[in-house]
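What follows is a set of notes on a single structure, which appears directly below.
Atoms within each ligand, like the ligands themselves, are counted from 1 in listed order.
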Amino acid sequence: MTRDDAPAGTRTTGLLAPVPDSLLAAMTQAGAPFDLDEAVPEPQDAPPLAWGVLGPGGIAAAFATQVPAYSSGRVVAVGSRDLSRARSFARAHAAAGKGQEVRAHGSYEELVADPQVEAVYVATPHALHAEHALLALEAGKPVLVEKAFTRDADQARRVLDVASRRGLFIMEAMWSRFLPGHVLTRALAAAGVLGQVRHVRADFHEPLAHVERLVRPELAGGALLDLGVYPVSLVHGLLGAPQRVTASGRLSDRGVDLDEVVTLSYPQATAVATSGMDGVSSKTAEIMGATACLRLDSVFFAPSALEVTWSDRSRPAVTWDARVPGGLQFEAAEVARCLAAGRTQSQVMPWATTLEVMEVLDEVRRQLGVVYPGQEG
Ligand SMILES: NC(=O)C1=CN([C@@H]2O[C@H](COP(=O)(O)OP(=O)(O)OC[C@H]3O[C@@H](n4cnc5c(N)ncnc54)[C@H](OP(=O)(O)O)[C@@H]3O)[C@@H](O)[C@H]2O)C=CC1
Ligand SMILES: O=C1CO[C@H](CO)[C@@H](O)[C@@H]1O
């Protein structure tokens, strides 16, 4: 089905503009007709879910704004190390709570024990994700853990092992994967619309060297876990786990990575993922196939537009305005759907994907010589 019968802007929780018929037709010609409604279900149609936010920082505020605004989910509680911070977050987000108060807890332990909380969103610095995910799992709660999933693959294995043993849902909050622009990108590549994918390039550099959680090695700072995880995850979503990883980059005086160039090699393809926290980049990505190139316009991890250009110059380029309001509602809706279906992992962001991405990040840091406190032995 196409969206051409829906005036632009009517599907305000999903798409602002319909996908061009020419793209959908290219997919059908390639033998894989694409049902956008099935691939990107409306977040408003997901089962309702009551979230508890663990760590009321910057992204937690975006989550608590976007999830109630654009999906059937709502935030019912927040936990902070400091009750006054929890209270002020709860006040700020009460209006979005669909008539329900947001309960403020002065500890993470109290948050995960709150009987009204059906799922926990871990939004703390990278080094603490494992500890906080385990806290929620031990309390019997399903968890959505901000990216990067954990400090390293060892921690990821430990967390996934506990989720598996307890039969509880857990997912890395790699929100880009659930955005319509990324779903369509993967579908176009998988259908062969671009020809065989030969090369992927993506960059994410932003001047963030003033951000405390990114400069501190004990919080697993550095560009890679914060920014580099996006291009690496994009490449993984298209090509899977690489055969070989090579990396070079610069380190700060405190020993975190300021930037990196990561090359991922596959039998039939290559990819270059770059990231950095002391420079500016276009934040674009290109997927270069044998017959066409797909460009994800800035920012590629929440694309404003997708453009396909063909090697056959007589074929007109196709551009789609891929913007959506919010963005975090898509991953939250996926959690709600998985829980309603009794699943412990998402098929879009499965545990194996998270682990393989973490293994790439580990290998990059090994080659750069970044060792976080606690990893020495
Ligand atoms: N999906 C996205 O677009 C984005 C994702 N992120 C991810 O979200 C996570 C958090 O990032 P962000 O919101 O920017 O971080 P912030 O620094 O804004 O917030 C982190 C929160 O963690 C809590 N915390 C617990 N222990 C510590 C500690 N030792 N030091 C500092 N804070 C601590 C704090 O809450 P309190 O002390 O009150 O309990 C704090 O508010 C990261 O994993 C990051 O990669 C970040 C930005 C965007
Ligand atoms: O995920 C993220 C998205 O972009 C931010 C920068 O603008 C990052 O700091 C953050 O962790």
Exercise for review: Verify side chain to side chain donor-acceptor pair (under 3.5 Å) between His199 and Thr270, making sure each step is shown before the conclusion.
Suggested key: CA-CA 5 Å; His199 185 71; Thr270 54; 2.8 Å; yes
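- Between Leu23 and Leu188, some side-chain heavy-atom pair lies under the 4.5 Å cut-off.
- Annotation for ligand 1: atoms under 4.0 Å from non-hydrogen atoms of His126 are 42 (C), 43 (O), 44 (C), 45 (O).
- For ligand 1 and Arg85, the ligand atoms under 4.0 Å from any heavy atom of the residue are 36 (P), 37 (O), 38 (O).
- If you check which protein heavy atom lies closest to atom 39 (O) of ligand 1, you get Tyr108 OH, 2.4 Å.
- For ligand 1, none of its N or O atoms has an N or O atom of Gly79 under 3.5 Å away.
- By the 4.0 Å heavy-atom criterion, Tyr230 is counted among the residues contacting ligand 1.
- Comment: Arg295 does not engage Glu307 in a salt bridge, judged by the lack of any side-chain N to carboxylate O separation of less than 4.0 angstrom.
- Contact annotation for Asp82 and ligand 1: no heavy atom of the residue comes within less than 4.0 Å of the ligand.
- The protein heavy-atom contact nearest to atom 20 (C) of ligand 1 is Ala123 O, 3.6 Å.
- Inclusion of Leu225 in the set of residues having an N or O under 3.5 Å from an N or O of ligand 1 is not warranted.
- For the residue pair Glu334/Ser346, the side-chain donor-acceptor check at 3.5 Å is satisfied.
- Taking every non-hydrogen atom of Leu219 and a distance limit under 4.0 Å, the qualifying atoms of ligand 1 come out as 29 (N), 30 (N).
- Salt-bridge check for Arg157 with Asp154: passed, with a basic side-chain N closer than 4.0 Å to an acidic carboxylate O.
- A continuous path of Ile, Leu, Val, Met, Phe, Trp and Tyr side chains, each step under 4.5 Å between heavy atoms, connects Val53 with Val76, placing both in one hydrophobic cluster.
- Of the protein's non-hydrogen atoms, the one nearest atom 13 (O) of ligand 1 is Ile59 N, 2.9 Å.
- Protein residues with a heavy atom under 4.0 Å from ligand 2 are Lys147, Phe204, Glu206, Leu208, Arg213, Asp226, Leu227, Tyr230.
- For atom 35 (O) of ligand 1, the closest heavy atom belonging to the protein is Pro56 CD, 3.3 Å.
- The distance criterion of under 3.5 Å between nitrogen or oxygen atoms is met by Arg81 with respect to ligand 1.
- Residue Arg216 places no N or O, backbone or side chain, under 3.5 Å from any N or O of ligand 1.
- Residues passing the salt bridge (Lys or Arg N to Asp or Glu O under 4.0 Å) test with Glu131, sequence neighbours excluded: none.
- With Phe63 as the partner, the ring-ring contact (aromatic ring centres under 6.0 Å, His included) test is satisfied by one option alone out of Trp51, Phe330, Trp175: Trp51.
- Annotation: Arg213 places an N or O atom under 3.5 Å from an N or O atom of ligand 1; distance criterion only.
- Here the protein heavy atom with the shortest distance to atom 9 (C) of ligand 1 is Thr124 O, 3.4 Å.
- In the hydrophobic clustering of ILVMFWY residues, with side-chain heavy atoms under 4.5 Å counting as a link, Leu128 and Leu160 come out apart.
- Of the protein's heavy atoms, Gly58 N, 2.8 Å lies nearest to atom 18 (O) of ligand 1.
- A ring-centre distance under 6.0 Å is found for His132 and Tyr108.
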Review point. Would Asp362 and Arg366 satisfy salt bridge (Lys or Arg N to Asp or Glu O under 4.0 Å), going step by step from the backbone distance to the final call?
Key: CA-CA 6 Å; Asp362 277 8; Arg366 191 191 66 75; over 6 Å; no
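- Between Glu212 and ligand 1 there is no heavy-atom distance shorter than 4.0 Å.
- In terms of protein heavy-atom proximity, atom 5 (C) of ligand 1 is nearest to Glu146 OE1, 3.2 Å.
- Nearest to atom 31 (C) of ligand 1 among the protein's heavy atoms is Pro125 CG, 3.7 Å.
- Considering backbone and side-chain N/O of Gly57, one or more are found under 3.5 Å from N/O of ligand 1.
- The closest side-chain heavy-atom distance from Val78 to Tyr121 is not below 4.5 Å.
- Within the 6.0 Å centre-distance limit, the rings of His93 and Phe89 are counted as a close aromatic pair.
- Remark: Glu260 does not engage Arg365 in a salt bridge, criterion side-chain N to carboxylate O under 4.0 Å.
- No more than 12 heavy atoms of other residues, nucleotides or ligands lie within 6.0 Å of CG in Asp253, so this atom counts as exposed by the packing criterion.
- Of the charged side-chain nitrogens involved, at least one lies within less than 4.0 Å of a carboxylate oxygen, so that Arg166 and Glu138 count as a salt-bridged pair.
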